[in-house]
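All heavy atoms count here, side chains included; hydrogens, waters and symmetry mates do not. The first residue in the sequence is number 1, and the count goes up from there.
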Amino acid sequence: MRRRLGGTFGAALLAGALLAGATAVPAGAAPAVAAGAGFDAARAISAGASGTELPPDGDTVASPPGANDWTCRPSAAHPDPVVLVHGTFANRYENWLVLSPLLKSLGYCVFALDYGMIPGVTSSGSGLLLPIGGLGPVPESAAQLARFVDLVRNATGAAKVDIVGHSQGGMLPNYYLKFLGGASKVGKLVGLAPSNHGTTLDGIVNLAPYFPGVADLIYTVCQACRDQAVGSDFNKTMASRPDTVPGVRYTVISTVYDEVVTPWRTQFLNGPDVDNVVLQNHCPISLAEHVAIAFSPTALHLVTNALDPAHATPVLCG
């Protein structure tokens with residue numbers, strides 16, 4: 001998958017691609033849609049069920065296949081809807097082209113949001129590029145996730161959801177759990193290469209003080225980039241409380257070839273009900289790095305096992 005390197009904010013886009021591995025739109029991808037497009041059924045359901053109105057915050061990109069069917073009702077086999085959270089400089093369509101239809105085919109109700117978009121900067125999209133998000137301050141993005149989870153719960157009647165996130169999207173739900181009351185609304189949190197304790201970007205963050213102009217450009221466009229840097233005020237806030245909260249089951253899936261969230265072992269969480277998984281322990285020949293882990297058959301098999309551990313199957317190498 002190619003990374004975005006172009007556009008008016010090329011330097012910031014490069015940093016964002018490093019942080020989340022945003023990809024170019026695959027051939028045949030659906031074009032961006034206006035905010036709120038495709039949510040008429042959801043509005044009707046929401047208005048009848050709770051009095052609130054969809055679309056959720058940041059809805060600017062077409063849903064990935066299988067996601068955001070607001071008429072979906074969870075089955076007894078999969079009572080918790082799954083909410084997918086994309087990474088920095090990405091969007092729901094690109095990040096979940098593979099996992100979303102896979103989960104739908106397994107009988108899950110699947111939902112995906114866009115968050116952290118900055119109007120008029122990188123959220124407008126151009127040419128072949130869809131709008132991109134995950135740029136705003138992580139606490140604000142976590143608040144968007146909180147509202148989205150409530151919309152999903154109201155629409156489906158589910159007491160809890162499970163969350164699967166990639167990169168920033170695997171970390172910011174933990175802020176929601178720790179600080180925004182999400183612990184009572186989430187059963188499982190599965191992170192693919194999550195930036196749980198920040199990242200040095202293989203030392204790039206440590207060089208930022210020597211190039212303040214470049215750093216300011218990146219951080220002006222992408223507050224989430226600043227938040228995810230090792231030693232940031234945001235990470236100090238996260239560290240002020242334990243890694244996990246009671247009642248939630250955590251799974252972290254990492255790759256030894258991660259070149260973005262570094263060192264890769266910092267992705268792991270400490271605490272009860274945590275399963276820290278290394279992709280190469282299940283598939284030694286896998287070369288999946290930070291971007292590819294979201295599309296790796298082995299990694300996605302680990303995700304489905306984490307969501308339904310009672311029916312876990314042997315993980316194949318692929």
Side-chain angles (χ1 to χ4, degrees), residues 15-22 84-90 95-96 99 134 138 141-142 145 162-178 186 188-206 224-232 234-245 248-284 286-296 298-307 315:
L18 285 170
L19 268 174
L84 304 178
V85 188
H86 65 73
T88 315
F89 273 67
N95 218 145
W96 304 119
L99 182 59
V138 175
S141 295
L145 172 62
D162 292 335
I163 297 177
V164 180
H166 177 223
S167 194
Q168 180 191 166
M171 171 275 294
L172 80 82
N174 211 13
Y175 184 93
Y176 164 53
L177 299 180
K178 289 183 177 185
V186 176
K188 303 180 187 73
L189 171 56
V190 183
L192 288 161
S195 52
N196 282 324
H197 301 103
T199 174
T200 66
L201 284 177
D202 276 336
I204 293 176
V205 166
N206 294 330
C225 300
R226 183 192 299 271
D227 286 345
Q228 291 175 89
V230 167
S232 68
F234 172 80
N235 274 303
K236 291 175 182 176
T237 298
M238 289 292 282
S240 69
R241 296 189 181 180
D243 277 359
T244 63
V245 297
V248 178
R249 178 70 193 180
Y250 296 79
T251 302
V252 175
I253 304 170
S254 303
T255 170
V256 300
Y257 297 111
D258 200 314
E259 79 286 25
V260 176
V261 179
T262 54
W264 63 269
R265 290 185 183 276
T266 62
Q267 299 170 19
F268 292 167
L269 294 172
N270 297 308
D273 295 324
V274 174
D275 190 11
N276 293 311
V277 183
V278 180
L279 178 61
Q280 284 73 22
N281 287 349
H282 294 270
C283 186
S286 175
L287 299 178
E289 38 68 75
H290 187 77
V291 181
I293 196 171
F295 305 93
S296 159
T298 301
L300 299 188
H301 194 160
L302 290 167
V303 170
T304 59
N305 279 354
L307 291 173
V315 177

Test item: [X] side-chain N/O and [Y] main-chain N/O as donor-acceptor pair under 3.5 Å:
| X | Y | value |
| --- | --- | --- |
| D258 | P263 | no |
| N235 | A229 | yes |
| T251 | V190 | no |
| T199 | T262 | yes |
| T200 | D202 | yes |
| D227 | V138 | yes |

Under 4.5 Å between any side-chain heavy atoms of [X] and [Y], yes or no?
| X | Y | answer |
| --- | --- | --- |
| V315 | T298 | yes |
| P272 | T244 | yes |
| L192 | F295 | no |
| I163 | L177 | no |
| H86 | Q168 | no |
| M171 | V261 | no |
| V260 | L201 | yes |
| S286 | L279 | yes |

- Begin from the C-alpha positions of H301 and H282 and carry the test side chain to side chain contact (heavy atoms under 4.5 Å, CB included) through to its verdict. CA-CA 10 Å; H301 194 160; H282 294 270; over 6 Å; no
Taking all non-hydrogen atoms of both residues, which atom of [X] and which atom of [Y] are closest, and how far apart?
| X | Y | answer |
| --- | --- | --- |
| G87 | S167 | CA-CB, 4.3 Å |
| P173 | L189 | CB-CD1, 3.7 Å |
| V248 | D273 | O-CB, 3.7 Å |
| A288 | Y257 | O-CB, 3.8 Å |
| V164 | W96 | O-CZ2, 3.9 Å |

Using 0.5 Å steps for rounding, measure from the [atom1] atom of [X] to the [atom2] atom of [Y].
| X | Y | atom1 | atom2 | result |
| --- | --- | --- | --- | --- |
| R249 | D275 | CZ | CG | 5.5 Å |
| N281 | I253 | CG | CD1 | 12.0 Å |
| L99 | S296 | CG | OG | 11.5 Å |
| R265 | H197 | CZ | NE2 | 14.0 Å |
| L84 | N95 | CG | CG | 8.5 Å |

- Item | Trace of the side chain to side chain contact (heavy atoms under 4.5 Å, CB included) decision for Y175 with L145 | CA-CA 10 Å; Y175 184 93; L145 172 62; over 6 Å; no
- Pick out which of N174, D243, N196 makes a side-chain hydrogen bond (donor to acceptor under 3.5 Å, both in side chains) with Y250.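 The side-chain hydrogen bond (donor to acceptor under 3.5 Å, both in side chains) with Y250 is passed solely by N174 among N174, D243, N196.
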- Out of L287, V291, I293, which one pairs with E289 under the side-chain contact (heavy atoms from CB on, under 4.5 Å) rule?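 Only one option passes, and that is V291.
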- Task: List in chain and number order the residues that pass salt bridge (charged side-chain N to carboxylate O under 4.0 Å, His left out) with K188, two or more places apart in sequence or in another chain; answer none if no residue qualifies.
- Result: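 For K188, the residues satisfying salt bridge (charged side-chain N to carboxylate O under 4.0 Å, His left out) (neighbours in sequence not counted) are D162.
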- Show your working on side-chain hydrogen bond (donor to acceptor under 3.5 Å, both in side chains) between Q280 and T255 and close with a plain yes or no. CA-CA 7 Å; Q280 284 73 22; T255 170; 3.0 Å; yes
